[in-house]
Amino acid sequence: MDLKEFFEGNMCNAYEYFGAHIENDGVVFRTYAPHAQNIYVIGEFNDWTDSEESKMKRIDERGVYELFIAGAKKGQLYKFRIIQALGNTADKADPYAFYSQLRPDTASVIEEIHTPIFKDSKWMKKRTRNLDQPMNIYEMHFGSWKKPQDGRKWFNYDEIADELIDYVKKMNYTHVEFMPLNEYPFDGSWGYQTSGYFSVTSRYGKINDLKKLINRLHQNDIGVIMDFVPVHFVKDNYSLNYFDGTPLYEYDNDNDANSQWGTSNFNLWREEVRSFLMSAANFWLDIFHVDGLRMDAIANMIFWQGNKDKGVNEGALYFIKRMNNNLHKLHPEVFLIAEDSSDFPKVCAPAWDGGLEFDYKWDLGWMHDTLKYLEKDPIYRQYHHNQVTFSMAYFYSEKFIMPLSHDEVVHGKHTIVDKMWGNYEQKFAQARTLYMYMMTHPGKKLNFMGNEIAQFREWDEEKENDWFMLEYPMHDSFSHYIADLNKLVVENPAFYELDYTWEGFKWIDADNKADNMFIYQRMNEDQKFIIVLNFSPNHYANFRIGVEKNSTLKEVLNTDTDIYSGSNIRNKKALRTKKVPHNFLDYSCEIEIAPFSGIIFEVKEIKSKKSE
């Protein structure tokens with residue numbers, strides 16, 4: 001392989017060269033360690049000895065080492081014993097290892113990544129970046145979605161496929177987003193403090209097991225998104241940290257190298273690091289047919305240490321643009337998502353327009369504002385009305401995904417339903433209305449596992465979801481409500497087709513602070529829906545809403561329906577508008593709406609005989 005691209009920071013398939021590659025009668029090992037004095041390959045095939053036969057040859061003056069070991073084979077353990085720059089010895093895991101020992105053990109494992117498992121060509125041909133398609137994402141931590149009952153700590157990747165597929169389809173999600181499935185040492189980091197960027201975590205099985213799971217998901221028309229962490233890595237000595245005795249992957253300056261999480265920040269100005277990370281991102285798209293990458297902590301790439309006051313990290317910005325551009329060229333149908341808490345502009349704009357070339361960005365502002373509003377006593381909500389309406393003031397500046405993610409249900413923050421103000425029944429009523437607001441708001445959607453059953457216990461990676469809560473009517477009905485709401489949204493193009501254009505959304509009443517009411521419509525060329533949200537404890541028997549044209553309004557979903565544990569205050573018959581101006585519109589009608597509830601009306605225009 002020509003290494004010119006690697007040293008220029010443009011290589012996206014470095015995993016095809018570096019690492020351990022099985023050949024007919026042995027394995028060839030390659031690594032990059034420019035300041036090492038010597039490197040030995042030690043493992044089960046040579047009794048972990050650093051003899052002359054296990055010494056790697058420096059085949060490139062820029063620091064590439066290589067060694068072929070006859071008789072080494074798939075499944076054997078190995079490490080690189082590095083005589084580092086100052087003469088000390090460190091046994092390191094392979095930065096490009098495809099598999100690793102289960103923690104707390106740290107050796108790399110010889111594995112094959114090109115086994116032909118996939119039979120998902122139909123899916124691969126039709127997939128897109130979903131801008132005008134429904135995208136309803138189920139975010140999950142693989143190890144705690146469900147736990148085996150036979151004493152094992154986790155299910156296997158492939159083993160869980162049938163149950164996961166059935167559940168995702170039943171709940172009407174379109175995509176599954178896995179929290180990181182790369183290798184990492186500490187369970188409590190959830191995979192976000194990575195040690196093996198090309199290594200499928202051994203917690204849940206082997207490479208082919210994960211391939212089988214993704215293949216099955218694709219065959220059932222379920223997309224797969226993977227979390228990817230290009231910002232920082234673990235400091236554990238066996239991993240990337242001071243790999244050759246010098247700051248090779250991290251910044252030279254400790255102030256820049258040390259992250260807020262106790263990890264090391266990648267030196268994103270260094271070309272070899274850029275090739276490493278671009279190859280790692282491409283690895284999951286290429287080898288595992290992943291449909292999208294959600295990239296973590298992008299604000300910490302945009303700004304030094306994620307702090308706007310410290311200025312923009314120009315080298316990191318250059319890297320982001322290059323990586324995203326290269327990934328889009330290699331996989332035009334794959335989407336890239338930024339988890340970015342900053343207000344940096346043009347995150348989703350193309351590079352030629354000064355953008356970072358992400359396809360989507362999480363709308364964390366919407367998430368925080370909305371939840372703060374719903375934590376308040378309704379008496380005071382009138383003074384914070386803009387926390388709900390503000391999102392549409394900036395929405396079209398980026399291509400936002402609306403998330404209620406894992407970050408909002410841990411570390412003392414309470415779960416989504418438990419954040420709601422009020423007593424038990426009021427919390428559920430408001431949570432149902434919150435989800436109606438979320439799912440009918442423009443933008444793609446993401447919900448973390450457990451949200452859909454209104455779990456009260458905060459998420460803990462050591463415990464499975466509280467599925468037993470479905471034995472209680474309130475939780476069971478909430479789950480049915482979420483499934484019905486999801487179905488309505490993903491099956492009606494008015495809720496997704498024009499997500500990122502001005503033609504898909506219109507406020508009818510954004511200013512009714514006194515009643516804590518919000519009314520808007522979602523539409524495309526063929527459909528129109530009006531959504532009414534009542535975030536007050538008041539029941540309105542004759543509440544007037546404005547309508548653009550002479551129409552009928554048919555209630556298609558009401559959060560207060562009895563099957564969702566509501567009081568069944570409904571508009572059971574279709575409503576017809578009258579020529580009574582309201583909300584600056586020519587027509588209007590009166591509806592009945594329960595406390596803390598939301599209603600979706602399907603609107604059908606009545607054509608006059610004259611116009612016909």
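The model shown is predicted, which means the values in this text are computed figures rather than measured ones.
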If you measure from the Lys or Arg side-chain nitrogens to the Asp or Glu carboxylate oxygens, is any gap between [X] and [Y] under 4.0 Å?
| X | Y | result |
| --- | --- | --- |
| D221 | K126 | yes |
| K399 | D499 | no |
| K57 | E66 | no |
| D60 | R62 | yes |
| R322 | E271 | yes |

For the side chain of [X] and the backbone of [Y], is there at least one donor-acceptor N/O pair under 3.5 Å apart?
| X | Y | answer |
| --- | --- | --- |
| N307 | F303 | no |
| E139 | E177 | no |
| N172 | N486 | no |
| K92 | N237 | yes |
| K444 | Q133 | yes |
| Q219 | K119 | yes |

Do [X] and [Y] have side-chain N/O donor and acceptor atoms under 3.5 Å apart?
| X | Y | result |
| --- | --- | --- |
| Y32 | E272 | yes |
| Y78 | D94 | yes |
| T263 | S259 | yes |
| E183 | T201 | yes |

What is the ring orientation for F18 with F6, classed by angle as parallel under 30°, tilted 30 to 60°, or perpendicular over 60°? tilted

Once you measure the plane-to-plane angle for H175 and F335, does it fall in the parallel (<30°), tilted (30-60°) or perpendicular (>60°) bin? perpendicular

Passes side-chain hydrogen bond (donor to acceptor under 3.5 Å, both in side chains), D286 versus H331? Steps please. CA-CA 9 Å; D286 175 25; H331 309 280; 5.8 Å; no

Is the OH atom of Y318 crowded by more than 12 outside heavy atoms at less than 6.0 Å? no

Cationic tip of R203 above Y184 ring, under 6.0 Å, 45° of axis: yes

Measure from NZ or CZ of R30 to the centre of the six-membered ring of Y17, then state whether that distance is under 6.0 Å and the direction lies within 45° of the axis. yes

Identify which one of F283, F288, Y96, W284 satisfies the ring-ring contact (aromatic ring centres under 6.0 Å, His included) criterion when paired with Y15. F283

Identified ring-ring contact (aromatic ring centres under 6.0 Å, His included) partner of F29 from the options F68, F45, Y65: F45

Between atom CD1 of I225 and atom CE of M135, what is the distance when rounded to the nearest 0.5 Å? 5.5 Å

Atom CE of M179 and atom CZ of F142: how far apart are they, to the nearest 0.5 Å? 13.5 Å

Is W261 close to S189 at the side-chain level, that is, under 4.5 Å between some pair of heavy atoms? no

Which atom of N326 lies closest to which atom of C12, heavy atoms considered: CB-SG, 3.7 Å

